[in-house]
Amino acid sequence: MNDDQTMQLVIVRHGESEWNKLNLFTGWTDVDLTDTGREEAHAGGKALKEAGFDFDVCYTSLLKRAIHTLNCVLDELDRNWLPVHKAWQLNERHYGALQGLNKADAAAEHGEDQVKIWRRSFDVQPPALEPGDERDPHVQEMFRDVPKEDLPYTECLKDTIARAWPYFEQEIKPQMEAGKRVLIAAHGNSLRALVMQFEKLTPEEILEVNIPTGVPCAYTFDKDWNVVDKHYIGDPATIEAKINAVANQGKAK
């Protein structure tokens, strides 16, 4: 798959979660996959196995929907023994006070345009949480080892990039440059942060990128970090349908 001249990375977005199914803003809420989500992840793992992929090291977020997606993929590859690094920097974007709200209800209340701005603008943050809110990461056990000043009360995509990309550069890039084959299981916006940098996209361009759930995306880079190949692994018609489904989530019913 990779030779001395190229580096391999596969990214996969978690499958359907309990709150995706309910069409709620999830962010850092630690909800699990649905049965459908687990099936999507297993299908992604099978597709990787059939395509002959193997990995040396894996990265995921602190959120169980991404961790369990990775576990399902590793089950299919019979690679449960691989090292896995869990990083809060790969978490989904924090949706602030929108976390727990229904996307269609929010569209009806604030207008579809406003919700689209919150979901898809590069640098407009949703309303922030009040400190001490039960949804505030500063008071949650999961983040007890993270420096308090690093934790958000809300985030836009720009904020997500400001934590996810430095993590990639500091932790993952050196592994790939050493020849390690890397698998990342994460979230729509933390993966979008990486894709933006890999593909040198503008803020306007990255907002139009819809990453399908549970479908592995393989990148091959040359030694100068130019993308020499990018392709989704799996059935093309299924992948296209999934990309379109993601684009339609924020519309009022």
Side-chain angles (χ1 to χ4, degrees), residues 1-14 41 44-61 66-67 69-70 73-74 76-93 122 150 157-234 236 239 243:
M1 276 291 166
N2 63 343
D3 53 44
D4 290 344
Q5 301 309 311
T6 61
M7 299 176 286
Q8 172 194 304
L9 171 68
V10 172
I11 61 174
V12 60
R13 181 182 180 185
H14 69 82
K46 281 195 180 80
L48 284 169
K49 186 170 188 176
E50 284 165 13
F53 279 81
D54 196 3
F55 301 95
D56 302 299
V57 61
C58 311
Y59 295 85
T60 187
S61 73
I67 296 167
T69 295
L70 179 61
V73 171
L74 294 178
E76 294 295 337
L77 292 167
D78 195 20
R79 287 292 181 268
N80 290 289
W81 44 268
L82 284 178
V84 174
H85 300 278
K86 296 172 188 164
W88 74 270
Q89 293 94 330
L90 295 176
N91 274 14
E92 181 53 290
R93 158 155 76 121
F122 187 69
D150 290 347
L157 182 56
K158 187 178 180 183
D159 300 322
T160 309
I161 294 166
R163 58 172 163 85
W165 183 247
Y167 180 81
F168 182 87
E169 289 206 295
Q170 289 155 23
E171 303 294 331
I172 305 178
K173 240 183 182 179
Q175 296 278 353
M176 290 175 62
E177 288 173 344
K180 303 287 190 198
R181 297 161 297 180
V182 172
L183 173 61
I184 302 175
H187 307 265
N189 286 300
S190 55
L191 293 175
R192 206 183 248 147
L194 304 184
V195 168
M196 181 177 180
Q197 302 291 336
F198 298 156
E199 301 184 28
K200 302 176 174 63
L201 302 179
T202 64
E204 293 72 34
E205 288 169 332
I206 194 59
L207 296 177
E208 298 305 316
V209 171
N210 292 309
I211 299 171
T213 55
V215 181
C217 180
Y219 280 93
T220 306
F221 299 93
D222 68 17
K223 283 294 181 219
D224 299 315
W225 288 94
N226 298 304
V227 176
V228 292
D229 181 64
K230 174 197 181 182
H231 65 279
Y232 287 107
I233 297 151
I239 294 164
I243 291 172

Hey, does [Y] have a side-chain heavy atom less than 4.5 Å from the side chain of [X]?
X: Ile11; Y: Val195; result: yes
X: Tyr219; Y: Met176; result: no
X: Arg181; Y: Phe53; result: no

Aromatic rings Trp165 and Phe198: how do their planes relate, parallel, tilted or perpendicular, breaks at 30° and 60°?
perpendicular

Tell me whether the rings of Phe221 and Trp225 are parallel (<30°), tilted (30 to 60°) or perpendicular (>60°).
tilted

Donor-acceptor contact below 3.5 Å, side chain [X] vs main chain [Y]:
X: Thr160; Y: Ser190; answer: no
X: Glu92; Y: Asn189; answer: yes
X: Asp222; Y: Asp224; answer: yes
X: Arg192; Y: Val209; answer: yes
X: Arg163; Y: Asn91; answer: yes

Around atom NZ of Lys49, are there more than 12 heavy atoms from other residues, nucleotides or ligands closer than 6.0 Å?
no

Residues two or more places apart in sequence or in another chain: which of them pass salt bridge (Lys or Arg N to Asp or Glu O under 4.0 Å) with Glu199?
Lys230

